[in-house]
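Below: the structure, in structure tokens.
Note that the coordinates shown come from a computational prediction; the quantities given were computed from them, not determined experimentally. Each residue takes its place number in the sequence, starting with 1.
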Amino acid sequence: MDALRIGVLGCADIARRRMLPAMAATPGVRVAAVAGRDADRARELAGRFDARPVHGYAALLARDDIDAVYVPLPAALHAEWVEAALRAGKHVLAEKPLTTELAATERLFDLATESGLFLMENVMFVHHSQHAAVGKLVADGAIGELRGFQASFAVPRLPADDIRYRPELGGGALWDTGVYPLRAALHFLGERLDVVGATLSHGPADAVDTSGAVLLRTPEGAGAQLSFGLDHGYRSMYELWGSEGRVTVERAFTPPADHRPRVCVERRGGTEEVVLPADDQVAGTVAAFARAVRSGAAPDPVMLTQARLLHAVRARAAA
């Protein structure tokens, strides 16, 4: 089978450090072209992967030797360029959040579905095998009946000119770090979640939210407490709390490929540490995207549920 030829819109850090190396290492996938507004940057990055440099995003989309497009642009540019890629007949893998507007996400989802193209939001942690192992522990009754869920993802303050602090580029903690605990709640509690409460905060010198907290509830009454931020000591964890114990996972959302996850299971009789095999969630994401494209899969509607929850969180926090 011919390799899936991927074109890259932009030379973002995540593309350089993580996604393009994973694409180059994945059998049946080839980095075919890299486009940039700066021709020299595009040439330099493309050269690392024996890809064609292209000056300008539209020029890449016009090429007929590209099957799919990876979009690592700032969040505020996703809607424009994801739509342009779909209209050019390309499958799309876009960094999260897919867009910062619910209506735009719904429009892109419908366009991909109607066009028979695969659209995927790059939430990588769901492709790590540790979460399936945790889900099996819970399903097998390791902690009894599920009563609650907690998750946190926060990172230390970045340089002041980082795009995460620029509102015109779609910055803010909710879009950057808040997606992780919210998606984890969807992953373990299901999609029928209501936003009970939410708060978004920022420092006096910040133009975007730099911290937030959310309270969710399932129809059965289980609660989820989520926290996230861009000005914190590093934290990346979740906990499932049941009637007979709890399961805790540290380094939950961005573990290195060589990290062996340690899942802590606490019950009345004692505490057990379950050590799982290392897994590369970046490689898993690329492989999942390639499989979906080849199989003709439809876009996963979880991205719509996530977008609706993010919209509800922002609305609740502004109320």
Side-chain angles (χ1 to χ4, degrees), residues 3-38 41-54 57 60-61 63 65-78 81-82 84-86 90-99 108 112 117-129 153 155 158 162-164 169-170 175-177 179-180 183 236 253-259 278-294 299-300 303:
L4 178 66
R5 301 167 298 180
I6 298 182
V8 182
L9 297 189
C11 304
D13 184 59
I14 191 170
R16 290 174 173 273
R17 289 188 302 105
R18 306 189 75 184
M19 293 302 294
L20 268 65
M23 290 174 184
T26 300
V29 172
R30 180 163 69 88
V31 180
V34 176
R37 293 175 298 177
D38 184 318
R41 290 192 73 200
R43 188 177 303 111
E44 182 272 330
L45 183 56
R48 296 187 190 183
F49 301 96
D50 194 27
R52 182 183 299 276
V54 179
Y57 307 147
L60 185 146
L61 297 181
R63 300 187 63 87
D65 58 353
I66 300 295
D67 305 307
V69 170
Y70 168 54
V71 182
L73 299 171
L77 302 179
H78 288 182
W81 289 106
V82 170
L86 292 171
K90 317 298 185 188
H91 305 280
V92 178
L93 171 62
E95 278 304 320
K96 53 81 188 162
L98 181 62
T99 79
L108 294 177
L117 296 167
F118 187 63
L119 172 62
M120 179 172 164
E121 185 178 31
N122 194 22
V123 182
M124 289 189 282
F125 80 89
V126 298
H127 299 284
H128 196 294
S129 58
F153 187 55
V155 298
L158 298 157
D162 191 278
I163 63 170
R164 294 166 182 82
L169 294 180
W175 302 129
D176 190 72
T177 53
V179 171
Y180 292 86
R183 183 62 170 269
S236 175
F253 300 121
T254 57
D258 61 355
H259 172 66
D279 195 13
D280 185 343
Q281 66 186 34
V282 186
T285 298
V286 173
F289 178 70
R291 283 195 305 271
V293 169
R294 290 197 176 97
D300 189 341
M303 73 177 73

Among all residues two or more places apart in sequence or in another chain, which pass the side chain to side chain contact (heavy atoms under 4.5 Å, CB included) test with R164?
L158, D162, D176, L230

Spell out, as yes or no, whether a donor-acceptor pair under 3.5 Å connects the side chain of R41 to the backbone of C11.
yes

Specify the closest pair of heavy atoms between P72 and G10, including all atoms of both residues, with the distance to one decimal.
CG-O, 4.2 Å

Run the side chain to side chain donor-acceptor pair (under 3.5 Å) test against T99 and tell me which residues pass, sequence neighbours left out.
T105

Quick one: salt bridge (Lys or Arg N to Asp or Glu O under 4.0 Å) pairs with a partner in residues 5-23, sequence neighbours left out?
R5-D67, D13-R17, R16-E44

For the residue pair V92 and V71, establish whether any side-chain heavy-atom pair is separated by less than 4.5 Å.
yes

For a quick test of reading the model, state the closest non-hydrogen atom pair linking F49 to A24 and the distance between them.
CD2-CB, 3.7 Å

Roughly how far, to the nearest 0.5 Å, is NE2 of H78 from CG of L98?
8.0 Å

Set of residues satisfying side chain to side chain contact (heavy atoms under 4.5 Å, CB included) with respect to P256, sequence neighbours excluded
R251, D258, H259

Where is the tightest heavy-atom contact between V286 and A22, given as atom of each residue plus distance?
CG2-CB, 3.9 Å

Heavy-atom closest pair, residues A51 and V31
CB-O, 3.3 Å

Qualifying side-chain hydrogen bond (donor to acceptor under 3.5 Å, both in side chains) pairs, either residue in residues 25-38, two or more places apart:
none

If the condition is side chain to side chain donor-acceptor pair (under 3.5 Å), which residues does T254 pass it with, not counting sequence neighbours?
Y234

Distance col, row L108:CG vs L86:CG, nearest 0.5 angstrom, shows 6.5 Å

Mind checking the NZ-CE spacing from K96 to M124? Nearest 0.5 Å is all I need.
8.5 Å

CD1 of I14 to CG of N122, rounded to nearest 0.5 Å, is 6.0 Å

Mind listing the closest non-hydrogen atom pair of G170 and A76 along with its distance?
N-CB, 3.6 Å

Could you list the residues that satisfy side chain to side chain contact (heavy atoms under 4.5 Å, CB included) with A84, not counting sequence neighbours?
L61, W81

Going by the rule ring-ring contact (aromatic ring centres under 6.0 Å, His included), which residues pair with Y180 if we only count those two or more places apart in sequence or in a different chain?
F153, F253

What distance separates H127 NE2 from T285 OG1, expressed to the nearest 0.5 Å?
4.0 Å

Restricting to non-hydrogen atoms, name the atom on L119 and the atom on M303 that form the minimum distance, rounded to 0.1 Å.
O-CE, 3.2 Å

Results of side chain to side chain contact (heavy atoms under 4.5 Å, CB included) for D279 - residues two or more places apart only
H128, S129

Can you check whether L73 reaches Y57 side chain to side chain, under 4.5 Å on heavy atoms?
yes

What pairs with Q281 under side chain to side chain donor-acceptor pair (under 3.5 Å), at least two apart in sequence or on another chain?
none

Could you check K90, H91, E95 and say which one makes a side-chain hydrogen bond (donor to acceptor under 3.5 Å, both in side chains) with Y70?
E95

Could you state the interatomic distance from CZ (F118) to CG (D300), rounded to the nearest 0.5 Å?
7.0 Å

Apply salt bridge (Lys or Arg N to Asp or Glu O under 4.0 Å) to D65 and list each qualifying residue two or more places apart in sequence or on a separate chain.
R63

Identify, with sequence neighbours excluded, every residue that meets side chain to side chain donor-acceptor pair (under 3.5 Å) alongside R52.
none

